[in-house]
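Here the structure comes first, spelled out in structure tokens, and everything after it is commentary.
Remember, it's 1-based here, ligands and their atoms both numbered in the order they're listed. Position 1 is the first residue of the sequence, and the numbers go up from there. We use all heavy atoms of the structure for the numbers below, so side chains are in, but hydrogens, waters and symmetry mates are not.
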Amino acid sequence: MSEIILALDFSTREQALHFARQVKQEISWVKVGLELFAGTGPAILEELKKLDFNIFLDLKFFDIPNTVKGAVKNILNSGMVDMFTIHLLGGQQMVKEAVSIKNSLCPKAILLGVTVLTSLEQKDLFLEKPLSNLVLALAEKALEWGVDGIVSSPLELEIIRNFYSQLITVTPGIRLKNDAPDDQKRTLTPYEATKKGANFLVIGRSITTSPQPLQTINHIKKQIQKGVHQ
Ligand code: C5P
């Protein structure tokens, strides 16, 4: 069954903590992404940990191997991070350095590889072959290089589940039946994503813009548990 990760896409510490406190009783994972991290710095991680959340730090590291190794070391040394992301397109050496430092400092932390961002299409990358070929090739390498899981779009989810079932799958782009898609292009309902085998669902605006966030979370949980759409 899928677990919800709440994307705390706010700019300030106050907004993020206010919202996190409101939903604490129903949510155990929160995602801190670039917007919040750039607005607050690492102090937000400690404050969220004090509220007993598991933390997914989604900074999508992509740089030369030595720099990524240093960045992974620093986020894990904080002791606050339970799951984090790097780009698989950073290549074998970069990924292997990240895996190795993670395994020596904090083997329990989940290292996720980003294959190709869901905002990109085949033509954006000047690819001659379908984008899914690249996604699949990167997923295969992710497993070989020791990555724990993959952040995947609904489309990638099915391919990865079929071929590389050992990888943990984390899927954004989740929308309830009557939600606006916003900037997400390919969306799934919580029920559909669970059925396709997602281990974690990253959900932001469906919950953060809801007039009754707790009610919405319970509604999503029911969909996940009972396999219903509405
Ligand atoms: O508000 P919404 O539910 O669309 O939020 C989705 C979250 O997942 C955002 O924090 C976004 O940055 C993240 N994400 C995504 N697509 C990806 C990777 C991450 O939407 N490919």
Between Ser152, Gly173, Pro172, Ser206, which one has a non-hydrogen atom sitting closest to atom 19 (C) of ligand 1? Pro172
Side-chain ion pair, Arg161 and Glu158, N-O less than 4.0 Å: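 Glu158 and Arg161: not salt-bridged.
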Could you check whether Asp82 pairs with Lys49 (Lys NZ or Arg NE/NH1/NH2 to Asp/Glu carboxylate O, under 4.0 Å)? yes
CG on Asn54 to OG on Ser28, rounded to 0.5 Å: 5.5 Å
Ile86 side, atom CD1; Leu88 side, atom CG - distance, nearest 0.5 Å: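 Here the rounded value is 6.0 Å.
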Mind telling me whether Phe200 and Trp29 have parallel, tilted or perpendicular rings, with 30° and 60° as the class edges? perpendicular
Using a 4.0 Å cut-off to any heavy atom of [X], which atoms of ligand 1 qualify?
X: Arg205; value: 1 (O), 2 (P), 3 (O), 4 (O)
X: Ala7; value: 10 (O)
X: Asp9; value: 9 (C), 10 (O)
X: Arg175; value: 1 (O), 2 (P), 3 (O), 4 (O)
X: Gly204; value: 1 (O), 2 (P), 3 (O), 5 (O)
X: Val202; value: 7 (C), 8 (O)

Does any non-hydrogen side-chain atom of Phe56 lie less than 4.5 Å from one of Leu112? yes
